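Counting starts at 1 for both ligands and their atoms, in listed order. Bear in mind that the values here come from a model prediction, so they are computed numbers and not experimental data.
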Amino acid sequence: MYTNPMRQTLTQIYDARIAAGTLRPDPAQHAVLPELESLRIWLEQNATRRTGLFAGLFAKPLTPPRGLYLWGGVGRGKSMLMDLFTDATEIAQKRRVHFHAFMQEVHHGIHAARQRGVEDPIAPVAEAIVKGTRLLAFDEMQITDITDAMIVGRLFEKLFAAGVVIVTTSNRVPEDLYLNGLNRALFLPFIALLREKMIVHELESPNDYRQHRLAGAQVYFHPAGKARAQIDAIWADLTGGGIGQPLKLPVNGRTVELPRFANGIGRATFWELCARPLGAADFLAIADAVRVLIVEDIPQLSASNYNEAKRFVLLIDALYEAKVRLICSAADEPERLYTEGTGSFEFERTASRLREMQGAGWGQG
Ligand SMILES: Nc1ncnc2c1ncn2[C@@H]1O[C@H](COP(=O)(O)OP(=O)(O)O)[C@@H](O)[C@H]1O
Ligand SMILES: [Mg+2]
């Protein structure tokens with residue numbers, strides 16, 4: 001078998017980043033690396049061999065190792081570790097996807113299969129996912145929606161049966177997934193399945209690195225035109241340099257789209273969020289889906305921008321309640337953004353929230 005002579009272990013890659021100063025040493029993160037490394041080695045050695053359902057008649061059945069369910073508080077480095085692992089794993093049959101986006105795709109697939117009159121629509125969807133994929137890496141597994149809750153069990157069963165290795169990050173221990181959800185009893189076999197097929201590892205780091213990175217950093221920039229480069233730099237720092245992808249969120253049977261999303265960070269312009277006919281439910285869904293939101297180009301609003309101002313108030317309220325970190329560029333200080341139209345008095349509360357959300361401790365915990 002060909003082995004890359006330059007190949008470094010995950011621990012070596014991690015240590016090199018510490019030496020270069022891009023990461024700080026963290027024993028809790030360090031402890032996960034050997035676990036990921038053994039998955040990586042197995043995948044690199046077996047990615048092209050058939051397993052499970054697809055094993056040939058005479059092929060020796062190959063049992064894949066248990067995957068990894070990495071959970072813990074926000075900013076602990078879960079996504080960073082998962083990216084390190086997926087990037088370094090030298091196989092073509094790998095896919096890293098935000099869990100939310102993945103489920104979206106699954107729903108589309110199920111819908112299409114139903115329209116074709118397929119009786120068990122999960123089967124062709126699982127088959128399509130499995131085709132050419134040996135490693136599935138999900139970022140931010142969370143289950144809040146009953147339609148998700150009712151299909152993940154059968155879906156994952158098929159993925160595991162086909163020998164796919166799953167690695168996932170989550171803010172919750174499996175037992176707390178879909179907590180207090182409707183018909184939760186029907187969901188419990190999924191938790192048991194995760195426990196059986198994955199090693200559940202809590203990333204017990206005491207540090208919230210996202211807060212560290214933003215602590216004391218400027219998060220409200222004006223005027224907007226000059227802030228572009230600084231905001232690009234913050235985006236690059238928090239996302240690890242990705243360009244991001246649109247994130248489609250289900251809201252009452254519709255979808256609302258956040259134009260750019262990567263690693264829990266959303267990015268949009270004021271116009272993309274507030275000049276479209278979005279309402280409170282849309283902003284709540286957005287606030288729920290991100291840890292940090294970048295809103296660029298907030299203009300000076302006049303009386304004729306009443307609708308945009310009203311939506312902006314709803315947006316800030318939703319972000320405030322969800323304790324999202326907000327980074328924005330605006331035409332002026334918060335208090336001078338909307339001073340003369342209908343509701344400008346109420347806007348004072350929004351301005352005050354914008355100030356509060358700039359505080360160093362905002363969004364912690
Ligand atoms: N050991 C570390 N030293 C410095 N920065 C880190 C470290 N671990 C993670 N980070 C950075 O902190 C931020 C949050 O990490 P992330 O992996 O997104 O956290 P989580 O997925 O657990 O919420 C990212 O910008 C990440 O690159
Ligand atoms: Mg994350």
Side-chain angles (χ1 to χ4, degrees), residues 10-36 68-88 96-103 136-144 166-174 176-177 200-217 219 230-245 247 258 260-267 287-294 322-327 360 362-365:
L10 295 176
T11 302
Q12 286 171 328
I13 300 173
Y14 182 91
D15 287 344
R17 292 193 190 168
I18 287 169
T22 50
L23 289 180
R24 294 205 238 163
D26 184 318
Q29 293 180 348
H30 226 268
V32 187
L33 297 170
E35 209 124 43
L36 290 168
L68 185 70
Y69 183 107
L70 187 62
W71 72 280
V74 299
R76 264 43 182 193
K78 301 182 296 296
S79 302
M80 181 277 292
L81 290 170
M82 200 173 81
D83 287 343
L84 179 68
F85 162 71
T86 42
D87 290 348
R96 182 219 194 271
V97 58
H98 192 259
F99 188 68
H100 209 101
F102 175 73
M103 287 310 293
L136 265 176
F138 295 124
D139 199 20
E140 304 206 344
M141 176 185 282
Q142 53 164 336
I143 312 248
T144 48
I166 299 180
V167 172
T168 188
T169 76
S170 176
N171 291 323
R172 294 173 175 235
V173 67
D176 283 353
L177 288 171
V200 177
H201 187 118
E202 180 180 5
L203 186 58
E204 278 183 288
S205 168
N207 302 312
D208 179 343
Y209 291 103
R210 190 172 295 124
Q211 287 290 351
H212 279 281
R213 282 177 180 255
L214 282 172
V219 292
Q230 282 155 296
I231 289 192
D232 280 345
I234 293 176
W235 167 267
D237 185 49
L238 292 180
T239 61
I243 45 166
Q245 287 177 333
L247 180 66
L258 191 58
R260 278 165 299 276
F261 179 84
N263 195 22
I265 323 293
R267 183 171 182 174
D288 207 43
V290 299
R291 315 232 167 280
V292 179
L293 185 67
I294 299 176
K323 289 220 169 292
V324 168
R325 289 286 313 222
L326 175 67
I327 296 165
W362 173 260
Q364 227 140 28

Problem - Check: Val219 main-chain N/O paired with Gln230 side-chain donor or acceptor under 3.5 Å - result: no

Practice task
Decide if the gap between the ring center of His30 and the ring center of Tyr14 is smaller than 6.0 angstrom.
Solution key: yes

Exercise for the section: Return yes or no for this condition: an N or O of Thr22 is under 3.5 Å from an N or O of ligand 1. Expected result: no

Exercise for the section: Answer yes or no: is there a side-chain heavy-atom contact under 4.5 Å between Val290 and Ile265? Expected result: no

Practice task
Heavy-atom distances under 4.0 Å are what count here, so tell me which part of Glu140 touches ligand 1: side chain, backbone, both or neither.
Solution key: neither

Exercise for the section: Check each atom of ligand 1 against the heavy atoms of Asp237 and keep those under 4.0 Å away; list them by number with element. Expected result: 25 (O)

Exercise for the section: Could you please tell me which protein N, O or S atoms lie under 2.8 Å from the Mg ion (ligand 2)? Expected result: Ser79 OG

Handout entry: Heavy atom of the protein closest to atom 5 (N) of ligand 1 (residue, atom name, distance)
Key = Arg213 NH2, 3.1 Å

Exercise for the section: Hey, could you give me the CD1/CZ distance between Ile294 and Arg325, rounded to the nearest 0.5 Å? Expected result: 11.5 Å

Practice task
Please check if the distance between the ring centroids of His201 and Tyr69 is under 6.0 Å.
Solution key: no

Handout entry: Test salt bridge (Lys or Arg N to Asp or Glu O under 4.0 Å) applied to Asp208 and Arg291, step by step
Key = CA-CA 12 Å; Asp208 179 343; Arg291 315 232 167 280; over 6 Å; no

Problem - Ligand-residue contact atoms, ligand 1 with Leu238, heavy atoms, under 4.0 Å - result: 25 (O)

Exercise for the section: Starting from atom 3 (N) of ligand 1, find the nearest protein heavy-atom neighbour and note its residue, name and distance. Expected result: Arg24 N, 2.8 Å

Handout entry: Donor + acceptor pair across side chains of Asn263, Thr239 (<3.5 Å)
Key = no

Completion exercise
Gly77 heavy atoms within 4.0 Å reach ligand 1 at atoms 9 (C), 15 (O), 16 (P), 17 (O), 19 (O), 20 (P), 22 (O)

Handout entry: Residue-ligand contact Gly264/ligand 1, heavy atom below 4.0 Å
Key = no

Practice task
Inspect the contact between Glu202 and Lys78 and indicate whether a charged nitrogen and a carboxylate oxygen are less than 4.0 angstrom apart.
Solution key: no

Problem - Heavy atom of the protein closest to atom 8 (N) of ligand 1 (residue, atom name, distance) - result: Gln29 NE2, 3.0 Å

Fill in the blank from the handout: When distances are taken from atom 18 (O) of ligand 1, the protein heavy atom at minimum range is Arg210 NH2, 2.9 Å

Handout entry: Thr86 side chain to Arg96 backbone, donor-acceptor under 3.5 Å
Key = no

Handout entry: Contact check: Gly75 vs ligand 1, nitrogen or oxygen atoms, below 3.5 angstrom
Key = yes

Handout entry: Test item, Asp83 contacting ligand 1 (heavy atom, 4.0 angstrom)
Key = no

Problem - Contacting atoms of ligand 1, where contact means under 4.0 angstrom from a heavy atom of Met80 - result: 8 (N), 9 (C), 17 (O)

Practice task
Enumerate the atoms of ligand 1 whose separation from the nearest heavy atom of Asn263 is less than 4.0 angstrom.
Solution key: 18 (O)

Handout entry: Backbone N/O of Ser205 and side chain of Arg76: donor-acceptor pair under 3.5 Å
Key = yes

Exercise for the section: Could you find the nearest protein heavy atom to atom 10 (N) of ligand 1 and give me its residue, atom name and distance? Expected result: Tyr209 CB, 3.5 Å

